[in-house]
Structure formats: C-alpha cells, structure tokens
> 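What follows is a structure written as structure tokens; I'll ask about it next.
Letters A, B, ... are given to chains in the order of the sequence lines, protein chains preceding strands, and every chain is numbered from 1.
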Amino acid sequence: MPDRRAMLLCMDPSPSAPAGASADMLRPFSPPEQHIPRLRRALLDWFAVNQRRLPWRVNYTPYEVWVSEVMLQQTQMERGVDYFNRWMARFPDIAALAAADEEAVLRQWEGLGYYSRARHLLAAARKIVAEHGGVFPSDLEAIRALPGVGPYTAGAIASIAFGEKLPCVDANVERVIARVFDVDSPVKQDPAAGVVRRWALRLVPEGRAREHNQAMMELGALICRKKPRCEVCPLAEFCISRHLGIAEQRPVPGKRAVIKPVQAVTGVLRRAGLVFVQKRPPSGVWGNLWEFPGGRVEPGESPEAAVVREFMEETAFAVRVAETFGIIRHGYTTYRLTLHCFGLDLAAAGQTPAAQLTAATECRWVRPADLEALAMPAAHRKLADRLFAGKNQ
DNA sequence: TAAGCGTGGTA
DNA sequence: TTACCAAGCTT
C-alpha cells in the first residue's frame, strides 16, 4: 500500500516546473527509483489488457521472434504484420529459409527497405543449419554471432524467446526511460545511453522478461509516443519528466542527418517486346536488387542527356530517348530523389545487344510480366507498375 | 565514431 | 510539401 502522505509531499511543484502546468500534474508522484516493484506491476497489468494481438505473439518460437525482430527494425509495426505472415507462409522454418534462393528471399522483402536485413536472415539461417544442427541457439553469445543480429536483437531473442533476464533497449524503451527517469542529454550517446541501459536492466522483473520487454516497447509505441499521452499512461505516477512538465522535451534528440536532394534518371530500354534490367552489386544501396539502369544527373546536364550517358557508361548501349514517363519522387536514407523516367530504344537499328556491365553483376532482357518475379527498389517498382500494371501477359 | 543503409506513415 | 519518424546493424 503506497504511503499517501509521502505521495502528497512529493506533489510540491518543483522550482523548474513551468507555471500554469496542467491539472494532470496534480496527480500523485512517486519517484521511480523508489517504487520499481509497483512500476513493474503497473506496466505488466497495462500490457496484459492493452497489448495488440500480433502474429508473433502466439507461439514465441525462436524463429518467429527472430524474424519479427529483424523485420521490425526501423519499421513500423503495422507494416510488419503482412510481411511477417507472408514470410512465414513462404519460409515456415529455419530449414525452409536456409534452402531458399536469395532471389526469393529478397522478393519477399521487397518494399521493406534495408535489404541487408534479408540477406543476413538467409545467411544466418544457413549458419544455424551448418553450425547448430538447424536448431536456433539459446546462448546469448551464439545469438549475437549470427549475421544481422546486434545488441538489441540478441537481447530481444534471448529474453522474448528464451526468457533470459535481459532488457531490450530500442528507440521506444529509450524514450520511455528518458522520460520516466528524466535523462537530460542525447539518449543515443554516452553518458545517457549507459544510463538508459542500466535502468532498463534494473527494471526487468525476475521470470517476466518476455512480457516486461514487450510491455516497455508497446508502451512506447502506443502511449509514450513522440507526443505523449500521459493522461492514460500507467507509469504517469512514476514519471519524473511528466512531474516536471517536460515530458515532451524528452528524449533529448541527437543531431539529425542532412537530407540531400538528388536529381536522377532511369530508362526502360525496349527491344522486341522485352525490357532490359540489371542486378545491382551485393554491397551498397539496394544490394542484389534488379533495376532499370540510370544514375545521377550531372550539374548543368539535361535528364535526357544524363540517361543516354548513364546507359553508355553502365551497359555500353547507345540509346535514344523515345518517350518521357515523368517524375517519381522517392526518399531513401538521407537522400530525396527526383527520378526522371524515360522510355528508350537502341540507337542503331539491328544492333545486336551485348551489354558490358560496369554497375551490375548480371543483366536480362525480360518480358514486362516477368518483372513481377524480380526484387526491385521501390522507385523502380513504382515505375514498372505505372508502365505495365494490368497490361501483363 | 559516424556514415550508410529504405520505406511509407503522419503531422 | 516538407520534416520527422519507426522493435538497428555494419563497416
């Protein structure tokens, strides 16, 4: 039973609290470090009632936990659901994934971005087959040694799938802890990052790591969002930054990336009812995905001249612009792409095409309908759909 | 250590 | 429309 008088004593407005703070602040305040057991209970009770029903919250097999955690890295939960269900239908277990072609794996992943995640999933599945007899390892070090598994994902698998008493510290948890404990420097950097990790570990209750870690992340996703919903938060009573009226100033952001605008071109080269595509190199952006050739527009260069130049540089084809397909705007990582799209023909009639690839590892002339089977970057898929959707076969 | 790596939703 | 953001990892 909480000490009512102590709670009321803690209600004194802090000198740093802004004047005119809302009535919400008149609720009791209990310093979190002195009420950890009650804080845990409030969180678990909230999660039991409010958690979303998600396909990876049914069986909690290591494989499903692993795939879901990787899939949700830097990805919004809602979008992950469809991808997860399709993935499990196609690759139901580790053996099925290990036996798959990379082409098929990337095609399943198309549209999710950060494609090294998919390549790493495949490589890790093969490693599990080769080194762990096809059984997902339960040892934290062995989990961490899998390709694409970093500190967050290793902790998530160990705790959610195997029940180890470890915290998961993702951006949601960073935000929750930065607010509850009023961490006042950028959370991604030390010393704040260390403070957050230590509090995260402190909070994990014995025997309930699975529920607790998911509850922390779910709270961050549903309640403790960028704009916090403190009025319905189960941790409001314990939250220092809410008590101070500065919850929206936490977490302290780090420096943000500069977004660079880029003018780029791409061209769909046609010949005898087929179109030309090439496969990007394994490393770098869109690794191992198929695309229409193209590249950046040089300063002072027209998009038409750029696409002709890029085709010569990348494929040794002499092409001419036959059609203009308009512009596709597409952001990726720290770039904002304005992609000028063209329909192209070979410049010399009767020329026998023999591409000399400088920006790709492989190329094909394919029927438009066959583009559906290739993994392509989102902007190129948009273009393909714009040109060929509904006209296939 | 910092930059590279995608995408679509939201305000 | 732009800016910011979402269950990070690799080099």
> Rounded to the nearest angstrom, tell me the gap between atom CD in A:Glu69 and atom C1' in C:dC9.
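After rounding, the reported distance stands at 14 Å.
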> Does A:Gln74 make a side-chain N or O approach to OP1 or OP2 of C:dG8 shorter than 4.0 Å?
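Affirmative; the distance criterion is met.
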> How is A:Val173 classified with respect to the nucleic acid when contacts are heavy atoms under 4.0 Å: base, sugar-phosphate, or nothing?
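Nothing: the residue A:Val173, judged by heavy atoms under 4.0 Å, touches no strand.
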> Measure CG/A:Asp190 against P/B:dA2 and give the value in whole Å, please.
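Atom-to-atom, A:Asp190 to B:dA2, this comes out as 11 Å.
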> Would you say a side-chain N or O of A:Arg175 is under 4.0 Å from OP1 or OP2 of C:dA6?
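So the side chain of A:Arg175 is within the cut-off, an N or O lying under 4.0 Å from OP1 or OP2 of C:dA6.
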> For A:Phe84 and A:Trp56, I'd like to know if the aromatic rings sit close, meaning centre-to-centre distance below 6.0 Å.
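Yes, ring centres under 6.0 Å apart.
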> Using whole Å, what does the distance between atom P of nucleotide B:dT7 and atom CZ of A:Arg381 come to?
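Value for this atom pair: 12 Å.
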> Give a yes/no on whether any side-chain N or O of A:Trp286 is located under 4.0 angstrom from OP1 or OP2 of B:dT7.
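Looking at the OP1 and OP2 atoms of B:dT7, one of them is under 4.0 Å from a side-chain N or O of A:Trp286.
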> Base, sugar-phosphate or nothing for A:Met77? Non-hydrogen atoms, less than 4.0 Å.
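If one applies the 4.0 Å heavy-atom cut-off, A:Met77 turns out to touch a base.
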> Which part of the nucleic acid, if any, lies within contact of A:Trp66, taking any heavy atom under 4.0 Å across all strands shown: a base, the sugar-phosphate backbone alone, or nothing?
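The answer is nothing, as A:Trp66 stays clear of every strand by at least 4.0 Å.
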> Considering only B:dG6, C:dG8, B:dG8, which nucleotide approaches the side chain of A:Val285 most closely?
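Among the listed nucleotides, the one closest to the side chain of A:Val285 is B:dG6.
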> Measuring centre to centre across the rings, with the benzene-like ring taken for any Trp, is A:Trp109 within less than 6.0 Å of A:Tyr83?
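Judged by ring-centre distance (under 6.0 Å), A:Trp109 and A:Tyr83 do not meet the cut-off.
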> To the nearest Å, how far apart are A:Arg144 CZ and C:dG8 C1'?
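Whole-Å distance recorded here is 11 Å.
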> If you check the A:Pro377 side chain, which of B:dG6, B:dT7, C:dG8 turns out closest?
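It is B:dT7.
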> Would you mind reading off the distance between A:Arg229 atom CZ and B:dT10 atom C1', rounded to a whole angstrom?
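About 15 Å, once rounded to whole Å.
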> Using heavy atoms to find the nearest nucleotide of DNA chain C for A:Arg336 and A:Arg57 separately, return the residue whose nucleotide is more 5′.
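Checking each residue's closest nucleotide, the 5'-ward one belongs to A:Arg336.
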> Using atom P of each nucleotide, how far apart are C:dC9 and B:dG8 to the nearest Å?
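Here C:dC9 and B:dG8 have their P atoms 22 Å from each other.
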> Does A:Lys226 reach a base, just sugar-phosphate, or nothing at all? Heavy atoms under 4.0 Å.
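A:Lys226: backbone/sugar contact only, no base atoms under 4.0 Å.
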> Is a salt bridge present between A:Glu301 and A:Arg309, judged by a nitrogen-to-oxygen distance below 4.0 Å?
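Salt bridge present between A:Glu301 and A:Arg309.
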> The side chain of A:Gln76 lies closest to which of these nucleotides: C:dT10, C:dG8, B:dG9?
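The closest nucleotide is B:dG9.
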> Between A:Ser30 and A:Arg38, do the side chains contain an N or O donor and an N or O acceptor separated by less than 3.5 Å?
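Short answer, yes.
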> Under 4.0 Å: is that the gap between some side-chain N or O of A:Thr75 and OP1 or OP2 of B:dG8?
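Result: no.
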> Just compare C:dT10, B:dG8, B:dC5 and give me whichever is closest to any side-chain atom of A:Arg79.
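So the nucleotide nearest the side chain must be B:dG8.
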> Grab the CD1-P distance between A:Ile259 and B:dG6 for me, whole Å please.
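The answer, rounded to whole Å, is 14 Å.
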> Please figure out whether A:Lys382 or A:Thr334 has its closest DNA chain B nucleotide nearer the 5' end.
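Going by which nucleotide is closer to the 5' end, it is A:Thr334.
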> Checking A:Glu211 now: which residues fulfil salt bridge (Lys or Arg N to Asp or Glu O under 4.0 Å) with it, not counting sequence neighbours?
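Counting only residues at least two positions away or on another chain, A:Glu211 forms a salt bridge (Lys or Arg N to Asp or Glu O under 4.0 Å) with A:Arg208.
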> For A:Tyr114 and B:dG4, is the shortest distance between a side-chain N/O and OP1 or OP2 below 4.0 Å?
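No, outside the criterion.
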> Check the side chains of A:Tyr152 and A:Glu69 for a donor-acceptor pair under 3.5 angstrom, ignoring hydrogens and angles.
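The criterion, which ignores hydrogens and geometry beyond distance, is satisfied for A:Tyr152 and A:Glu69.
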> Under 4.0 Å: is that the gap between some side-chain N or O of A:His330 and OP1 or OP2 of B:dT7?
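For B:dT7, OP1 or OP2 has a side-chain N or O of A:His330 closer than 4.0 Å.
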> What is the distance, rounded to the nearest whole Å, between atom CZ of A:Arg119 and atom C1' of C:dT10?
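It is 11 Å, rounded to the nearest whole Å.
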> Given atom OH of A:Tyr115 and atom C1' of C:dG8, what is their separation to the nearest angstrom?
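Computing the A:Tyr115:OH to C:dG8:C1' distance gives 17 Å.
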> Side chain of A:Gln73 only, please: which of C:dC9, B:dG6, B:dT7 is the nearest?
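It is C:dC9.
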> Which part of the nucleic acid does A:Gly284 contact within heavy-atom distance under 4.0 Å: base, sugar-phosphate only, or nothing?
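If one applies the 4.0 Å heavy-atom cut-off, A:Gly284 turns out to touch the sugar-phosphate alone, with no base involved.
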> Is there a donor and acceptor pair closer than 3.5 Å between the side chain of A:Tyr332 and the base of B:dG6?
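By the distance-only test, no, there is no pair.
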> Looking at every strand, decide which applies to A:Leu112 at a 4.0 Å heavy-atom threshold: base, sugar-phosphate, or nothing.
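Base, at least one base heavy atom under 4.0 Å.
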> Using a 3.5 Å distance criterion without hydrogens, assess whether the side chain of A:Arg242 forms a donor-acceptor pair with backbone atoms of A:Ala247.
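No: the side chain of A:Arg242 does not pair with the backbone of A:Ala247.
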> When the nearest nucleotide of DNA chain B is assigned to A:Gly111 and to A:Arg225 on a heavy-atom basis, which residue is associated with the more 5' position?
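Mapping each residue to its closest nucleotide by heavy atoms, the 5'-most match is A:Gly111.
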> So what does A:Ala378 hit on the nucleic acid, given a heavy-atom distance under 4.0 Å: a base, only sugar-phosphate, or nothing?
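Sugar-phosphate: the residue A:Ala378, judged by heavy atoms under 4.0 Å, touches backbone atoms but no base.
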> Between A:Leu72 and A:Leu146, which residue's closest nucleotide on DNA chain C lies nearer the 5′ terminus?
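That would be A:Leu72.
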